[in-house]
Amino acid sequence: MIGVGLAATTETAVDTAGRLRDAMARGVLSFPLTSFHADCSLDLDGFRAHLAGQLATGPGAVFPACGTGEFFSLDEDEYRAVVTAAVEETAGRVPVVAGVGYGWAQAARFARIAEEAGADALLVLPHYLVAAPQDGLVAQLESLAARTRLPLVAYQRGQVAFTPAALRRAARIPTLVGLKDGHGDLDRLQRLTLAAPDGFLFFNGASTAELQARAYAGVGVPAYSSAVHAFAPEIANAFFAALRDGDEATTTRLLRDFYAPLAELRDRVPGYAVSLVKAAARLRGRPVGPVRAPLTDPSPADLADLRALLTTGLALVGAAP
């Protein structure tokens, strides 16, 4: 028999899953950057200004303090400040899904902070360092779910890759509502979508997700996260609309002339998946500051290439630099 607490938590998970499903159909999933001062201390006012600008462009949901938001570099007090600010700035307009990670015990500490801050759900980032068997991946989610009332979205990337059998087991957790995929293995992903229960959420979390958006949609996963939205929402929203409306010419032009060159630039240096996004935001006058170590800001040559590519992308969608 389900107790009152579990029943209430399960109802919340169902409601949140419904909000996220609607959000994923309405717009890109935005992963805001965490702003730092020049000395790498937290710039909360800068974060609020950056997030307000993101919200004004109509994302489906926001995911603060995740990979693009440099979760790995935040202490618990900084994390609390960032998630609280995200909830306050969002003011219920779209779901707020905060990142949590490391082992389940530490993830549970961050989960409590996010719950107290008013987040709607949690994105469970890959655990720290070690490889683990499928039973362990499921147990990690079970252990975290037992310690928070918030709905969970699992993130498979790096050392985390679920089999269909493991996902079936994990999906029995009443508060696990979805899976973000960062591997891009479409055969495996198709098997996972077929193994999951009805209503389970999936979205594309590959690096520069737009490059694989058409392929993911082909296996029933049309929703995706967009790092580009953090610095050029005009481009991200134009691509989303073109893909949704079946505008193949615009979709292909943006992929060929902007997204593919961006991915090539990203692949030059480890960590550029975040560093380039932050640098591009700075080029557009956003108050996001530098990245924290061990990430490094782009070299002058790479920054020049990024500036030229950003100019090209904005011109493609008729937006001002």
Side-chain angles (χ1 to χ4, degrees), residues 2-3 5-21 24 29 31 61 63-67 71-72 79 83 95-116 119-183 185 188-189 191-205 221 223 225:
I2 297 177
L6 179 57
T9 301
T10 303
E11 182 178 350
T12 298
V14 171
D15 290 345
T16 300
R19 289 185 67 204
L20 283 171
R21 185 176 297 105
M24 289 156 65
L29 305 178
F31 285 65
F63 288 66
C66 293
F71 166 80
F72 66 88
Y79 177 85
V83 177
V96 175
V97 185
V100 298
Y102 307 116
W104 63 260
Q106 188 64 39
R109 292 174 64 91
F110 283 103
R112 284 194 294 273
I113 294 170
E115 188 171 342
E116 291 166 0
D120 296 294
L122 303 171
L123 179 65
V124 186
L125 302 170
H127 62 267
Y128 175 69
L129 190 61
V130 297
Q134 294 294 308
D135 286 350
L137 298 181
V138 176
Q140 164 92 340
L141 293 172
E142 290 173 336
S143 297
L144 178 57
R147 289 163 175 82
T148 179
R149 294 174 58 85
L150 291 180
L152 308 178
V153 176
Y155 187 7
Q156 64 168 18
R157 191 185 190 97
Q159 72 270 34
V160 176
F162 290 95
T163 64
L167 185 63
R168 276 192 291 268
R169 287 179 51 206
R172 296 178 193 142
I173 300 170
T175 54
L176 183 68
V177 301
L179 177 73
K180 177 183 179 184
D181 176 68
H183 285 293
D185 182 338
R188 175 189 287 267
L189 183 60
R191 294 168 188 264
L192 293 175
T193 64
L194 295 173
D198 291 342
F200 197 78
L201 305 177
F202 287 89
F203 64 94
N204 167 7
V221 183
S225 58

Over all atoms of both residues, closest heavy-atom pair of [X] and [Y]:
| X | Y | result |
| --- | --- | --- |
| Phe71 | Gly101 | CZ-N, 3.4 Å |
| Ala223 | Met24 | CB-CE, 3.4 Å |
| Val130 | Gln159 | O-CG, 3.5 Å |
| Ala114 | Val83 | CA-CG1, 4.3 Å |
| Ala195 | Arg168 | O-CG, 3.2 Å |
| Ala161 | His183 | CB-NE2, 3.6 Å |

Exercise. With a 4.5 Å heavy-atom cut-off, do Val153 and Val177 have their side chains touching?
Worked result: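 The answer is yes, as the side chains (C-beta and beyond) meet within the 4.5 Å cut-off.
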
Problem set entry | Any residue meeting side chain to side chain donor-acceptor pair (under 3.5 Å) with Gln140, in chain and number order, not counting sequence neighbours |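 Checked Gln140 against side chain to side chain donor-acceptor pair (under 3.5 Å); zero matches.
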
Exercise. With sequence neighbours excluded, what pairs up with Thr16 under the side chain to side chain donor-acceptor pair (under 3.5 Å) test?
Worked result: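 Not a single residue meets the side chain to side chain donor-acceptor pair (under 3.5 Å) criterion with Thr16.
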
Exercise. How far apart are the C-alpha atoms of Gln156 and Leu192, what are their side-chain angles, what is the distance that settles it, and do they pass the side chain to side chain contact (heavy atoms under 4.5 Å, CB included) test?
Worked result: CA-CA 12 Å; Gln156 64 168 18; Leu192 293 175; 3.5 Å; yes

Nearest 0.5 Å, please: how far is [atom2] in [Y] from [atom1] in [X]?
| X | Y | atom1 | atom2 | answer |
| --- | --- | --- | --- | --- |
| Ile173 | Glu142 | CD1 | CD | 5.0 Å |
| Leu189 | Leu194 | CG | CG | 9.5 Å |
| Phe63 | Leu125 | CZ | CG | 11.0 Å |
| Leu176 | Leu167 | CG | CG | 7.5 Å |

Is the backbone N or O of [Y] less than 3.5 Å from a side-chain atom of [X], with the two atoms forming a donor-acceptor pair by type?
| X | Y | value |
| --- | --- | --- |
| Gln106 | Val100 | no |
| Arg109 | Ala105 | no |
| Arg157 | Gly205 | yes |
| Arg169 | Ala139 | no |
| His127 | Val160 | no |
| Arg147 | Trp104 | no |
| Asp120 | Val96 | yes |

Problem set entry | Step-by-step side chain to side chain contact (heavy atoms under 4.5 Å, CB included) determination, Phe31 to Leu123 | CA-CA 11 Å; Phe31 285 65; Leu123 179 65; 4.0 Å; yes

For this session: Quick one: do Val221 and Asp181 satisfy side chain to side chain contact (heavy atoms under 4.5 Å, CB included)? Show the steps, please.
Result: CA-CA 10 Å; Val221 183; Asp181 176 68; over 6 Å; no

For this session: Run the ring-centre check on Phe72 versus Tyr128 and record whether the distance is less than 6.0 Å.
Result: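 Here the rings of Tyr128 and Phe72 have centres that are no less than 6.0 Å from each other.
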
